[in-house]
Number of protein chains: 4
Amino acid sequence: MAGSVNKVILVGNLGRDPEVRRLGSGEPVVNLRIATSETWRDKQSGEKKERTEWHSVVIFNENLAKVAEQYLKKGSKIYIEGQLQTRKWQDQSGVEKYTTEIVLQRFRGELTILDSRGQGGSDEYGEGSGAMEDRSGGGSSFGRSSPMGGGAAPRQPAMAGGGGGGGRSSSTHLDDDIPF
Amino acid sequence: MAGSVNKVILVGNLGRDPEVRRLGSGEPVVNLRIATSETWRDKQSGEKKERTEWHSVVIFNENLAKVAEQYLKKGSKIYIEGQLQTRKWQDQSGVEKYTTEIVLQRFRGELTILDSRGQGGSDEYGEGSGAMEDRSGGGSSFGRSSPMGGGAAPRQPAMAGGGGGGGRSSSTHLDDDIPF
Amino acid sequence: MAGSVNKVILVGNLGRDPEVRRLGSGEPVVNLRIATSETWRDKQSGEKKERTEWHSVVIFNENLAKVAEQYLKKGSKIYIEGQLQTRKWQDQSGVEKYTTEIVLQRFRGELTILDSRGQGGSDEYGEGSGAMEDRSGGGSSFGRSSPMGGGAAPRQPAMAGGGGGGGRSSSTHLDDDIPF
Amino acid sequence: MAGSVNKVILVGNLGRDPEVRRLGSGEPVVNLRIATSETWRDKQSGEKKERTEWHSVVIFNENLAKVAEQYLKKGSKIYIEGQLQTRKWQDQSGVEKYTTEIVLQRFRGELTILDSRGQGGSDEYGEGSGAMEDRSGGGSSFGRSSPMGGGAAPRQPAMAGGGGGGGRSSSTHLDDDIPF
DNA sequence: TTTT
DNA sequence: TTTT
């Protein structure tokens with residue numbers, strides 16, 4: 001209809017390692033299972049309660065899929081932004097089912113790793129910069145573009161994210177940030 | 001798990017009138033069906049394409065449910081914010097199914113009407129009370145609280161949203177804005 | 001610091017026509033002034049109150065700048081998504097000042113027109129091309145990419161948004177939707 | 001104007017300990033200084049670049065202010081949601097200045113702690129629950145309400161967030177979650 | 001300066 | 001089922 005917005009923002013942890021499948025072109029498509037949860041105390045019983053919600057995420061965005069494949073694992077905490085899509089399918093007995101997923105389309109969506117380097121597992125993904133003192137908690141951010149605001153104006157640090165010609169947004173940032 | 005965020009933001013149009021059911025307490029619970037869509041031109045064929053996504057919304061937030069019941073109808077354009085929840089149920093033949101909905105829990109979520117009064121249909125949704133005058137042209141916004149930032153500080157226009165004692169956030173704004 | 005998110009979401013109306021300046025390359029950079037407001041009733045006095053907040057938006061995203069230049073005017077209602085940036089400058093008397101703006105960087109941010117064609121004023125913003133037909137009643141949405149979720153998978157309607165080679169996300173959608 | 005939305009979402013780290021001042025009523029109002037940053041590689045020079053943005057946050061929401069006061073410190077990583085407000089003031093020499101802040105009004109906004117218990121400093125804030133295995137990175141979430149979706153319906157885990165009478169949303173969650 |  |  002145009003004039004519409006379809007946005008999901010999650011901060012949660014992966015319930016298992018990313019599942020990667022390949023398109024004919026070799027590009028990865030990654031499925032994530034993310035938990036968010038809430039806790040509260042029941043007013044009646046006084047008991048502590050928790051409700052965990054599980055979300056299925058599908059990453060078609062090529063660069064974010066690569067990031068997910070390389071750096072995420074079970075337990076990783078991430079910020080992710082995508083859109084809601086429901087698809088219909090049939091189970092083995094021919095019963096119609098619907099599945100709703102958070103989809104990061106090509107060139108769209110956001111993914112930011114919120115836990116420390118290697119926190120969720122054994123291997124590091126950064127190359128040891130150690131930048132900001134207040135980064136204690138760490139994490140990495142992978143947008144679909146460079147952080148540039150503009151062109152010539154000195155108000156933005158530089159020109160990037162489209163540099164020469166191609167400029168597929170998220171790949172730019174990815175290429176810059178990650179030691180592939 | 002805590003440390004998590006589960007947020008959905010939609011701007012779209014209602015595909016049909018709100019469905020209202022009542023809890024034992026008489027409070028309305030409202031179900032909405034909202035469409036968002038995207039259009040693009042197919043690179044191969046050059047054809048115009050459109051994909052519409054349908055979203056099921058459930059409003060338990062009492063005040064927003066009242067707003068929805070009174071002012072929304074088929075075609076209304078709204079901004080809505082809630083959280084994703086998937087629930088399991090069984091159809092008549094006992095087959096397990098899952099439905100994912102955007103839920104506005106008690107005291108949570110946001111709803112803002114974006115189209116003008118009556119724009120979405122033939123009959124007006126305000127019933128002509130002067131109290132609704134400020135909604136006519138541009139939509140109305142129903143948060144869960146007053147627009148106050150703070151307490152005594154003069155930086156905010158005034159104290160509200162909890163005034164004397166109760167202070168259930170969304171009800172406050174609702175009571176103020178809408179002529180129930 | 002990486003591992004960070006900086007996002008602003010506004011739905012509001014333009015207080016004046018967009019201001020367009022050109023970079024050396026001829027690309028437009030657009031400044032918008034957007035109002036958001038809240039209304040409530042003062043608990044003490046019973047008076048109706050309103051607080052309007054004015055936001056400065058700068059659009060470096062080339063395609064969204066073109067959309068803004070062509071279709072927005074004083075009074076237009078939009079959804080916009082960008083990031084917060086504060087810059088320092090000196091007024092004519094050398095006093096240091098800071099200005100905080102919502103910036104839509106190159107290839108980033110979102111802009112969706114929420115009011116009908118020409119609703120905000122006297123003249124239409126579409127110039128009658130058939131290409132704009134799908135925007136008329138309900139606003140238009142200009143993301144930075146095609147609405148495709150994926151590549152070959154049939155779950156998404158088609159491949160676009162990067163089709164042949166370039167694939168700068170927002171331009172793609174723009175090229176498709178708007179008759180430049 | 002109604003029909004508007006004013007929302008800021010940040011994930012970043014505190015540059016210094018929270019600053020707490022008290023209203024006449026004794027309620028805390030907390031100021032935070034939060035850094036978000038982006039990194040990219042300059043296409044021309046090949047150099048790694050980083051741009052850090054500093055944000056001023058003011059928390060009038062009583063419960064979130066208490067959380068901030070008790071659990072945040074320099075280096076803490078948080079998710080925070082508020083609204084943009086610009087206020088005018090005069091410096092000591094009478095020069096007019098403007099400051100834009102992210103404000104969490106009474107009963108509004110969200111705050112979620114994203115780093116592990118005590119990660120940012122020496123003292124723990126949790127009491128040793130050790131809940132979820134995949135929580136490695138930890139964090140705590142403080143909304144303005146209970147996680148309940150509805151009333152009687154069994155689809156939501158329980159009724160809370162307003163229980164008997166008061167029901168100021170964020171306080172409920174806070175009382176439940178934190179060992180004051 | 002918008003919008004209601 | 002909306003909207004364009």
Side-chain angles (χ1 to χ4, degrees), chain A residues 1-6, chain B residues 10-19 31-40 48-57 71-78 80 112-117 119-121 126 130-142 177-178, chain C residues 10-19 31-40 48-57 71-78 80 112-117 119-121 126 130-142 177-178, chain D residues 1-6:
Chain A
M1 122 203 14
S4 66
V5 173
N6 175 358
Chain B
L10 301 177
V11 174
N13 296 74
L14 269 61
R16 50 168 120 102
D17 288 342
E19 289 169 4
N31 286 265
L32 304 177
R33 196 73 178 145
I34 299 178
T36 57
S37 87
E38 303 177 273
T39 55
W40 71 97
K48 204 97 182 233
K49 304 273 192 176
E50 178 175 41
R51 183 189 208 280
T52 295
E53 191 69 39
W54 286 98
H55 309 272
S56 292
V57 174
Y71 301 112
L72 299 184
K73 57 169 161 291
K74 182 173 168 176
S76 296
K77 189 181 214 69
I78 61 171
I80 199 158
T112 299
I113 304 175
L114 295 176
D115 46 11
S116 327
R117 229 183 238 228
Q119 169 168 316
M132 293 301 298
E133 89 197 47
D134 60 13
R135 306 185 55 248
S136 27
S140 273
S141 174
F142 308 98
D177 259 353
I178 299 197
Chain C
L10 300 177
V11 173
N13 297 74
L14 269 62
R16 49 168 120 102
D17 287 342
E19 290 168 6
N31 286 265
L32 304 177
R33 196 75 177 145
I34 299 178
T36 56
S37 86
E38 303 178 272
T39 55
W40 71 97
K48 204 97 182 232
K49 304 273 192 175
E50 178 174 41
R51 183 188 207 281
T52 295
E53 191 69 39
W54 287 96
H55 309 273
S56 292
V57 174
Y71 302 113
L72 299 183
K73 57 168 162 291
K74 181 175 168 176
S76 296
K77 187 180 215 70
I78 61 172
I80 199 158
T112 299
I113 304 176
L114 296 177
D115 46 11
S116 328
R117 232 183 237 228
Q119 168 168 318
M132 292 302 298
E133 86 197 50
D134 60 12
R135 306 185 53 249
S136 26
S140 273
S141 174
F142 307 98
D177 259 354
I178 299 198
Chain D
M1 130 200 9
S4 66
V5 174
N6 175 357

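Convention: sequence-line order gives letters A, B, ...; per-chain numbering from 1.
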Asker: Side chain of B/Asn13, heavy atoms from C-beta onward: which of F/dT1, E/dT2, F/dT2 has the nearest atom to it?
Answerer: F/dT2
Asker: Quick check: closest heavy atoms across B/His55 and A/Asn6, and the distance to 0.1 Å?
Answerer: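 It is CE1-ND2, 3.6 Å.
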Asker: Kindly point out which of F/dT2, E/dT2, F/dT1 is positioned nearest to the side chain of B/Arg33?
Answerer: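 Ranking F/dT2, E/dT2, F/dT1 by closest atom to the B/Arg33 side chain puts F/dT1 first.
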Asker: For B/Leu114 and E/dT3, what is the distance between atoms CG and P respectively, to the nearest whole Å?
Answerer: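 After rounding, the reported distance stands at 15 Å.
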Asker: To the nearest angstrom, how far is B/Ile78 atom CD1 from F/dT1 atom P?
Answerer: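 Rounding to the nearest Å, CD1 of B/Ile78 and P of F/dT1 are 19 Å apart.
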Asker: Looking at the side chain of C/Lys74, which of F/dT1, F/dT2, E/dT1 is the nearest nucleotide?
Answerer: E/dT1
Asker: Tell me: CG of B/Leu72 to C1' of F/dT2, nearest whole Å?
Answerer: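 Result: 13 Å.
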Asker: Using whole Å, report how far NE2 of B/His55 lies from P of F/dT1.
Answerer: 17 Å
Asker: Nearest whole angstrom, please: distance from the P of F/dT3 to the CD1 of C/Ile113.
Answerer: 19 Å
Asker: Look at the side chain of B/Asp17 and the backbone N and O of B/Lys74, then say whether any donor-acceptor pair between them is shorter than 3.5 Å.
Answerer: yes
Asker: Taking the minimum atom-to-atom distance to the side chain of B/Glu50, which one of E/dT2, F/dT3, F/dT1 wins?
Answerer: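 Closest nucleotide among those given: F/dT3.
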Asker: Can you check the C/Glu38 CD to E/dT3 P distance for me, whole Å?
Answerer: 18 Å
Asker: Please determine if C/Lys48 and C/Glu50 form a salt bridge, counting it only when a charged side-chain N lies under 4.0 Å from a carboxylate O.
Answerer: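 Looking at C/Lys48 and C/Glu50, the cut-off is not met.
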Asker: Rounded to the Å, how far apart are C/Leu10 CG and E/dT3 P?
Answerer: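 Answer to the nearest Å: 17 Å.
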Asker: Rounding to a whole Å, what distance do you find between B/Arg51:CZ and F/dT2:C1'?
Answerer: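 About 15 Å, once rounded to whole Å.
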Asker: Using the side chain to side chain contact (heavy atoms under 4.5 Å, CB included) definition, which of the options B/Val57, B/Leu32, B/Asp115, B/Val11 pairs with B/Ile78?
Answerer: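 Checked B/Val57, B/Leu32, B/Asp115, B/Val11 against B/Ile78; only one passes side chain to side chain contact (heavy atoms under 4.5 Å, CB included): B/Leu32.
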Asker: Mark this stacking check for C/Trp54 against E/dT2 as yes or no, applying ring centres under 5.5 Å and ring planes under 30°.
Answerer: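 A stacking contact does not exist, since C/Trp54 is not both close and nearly parallel to the base ring of E/dT2.
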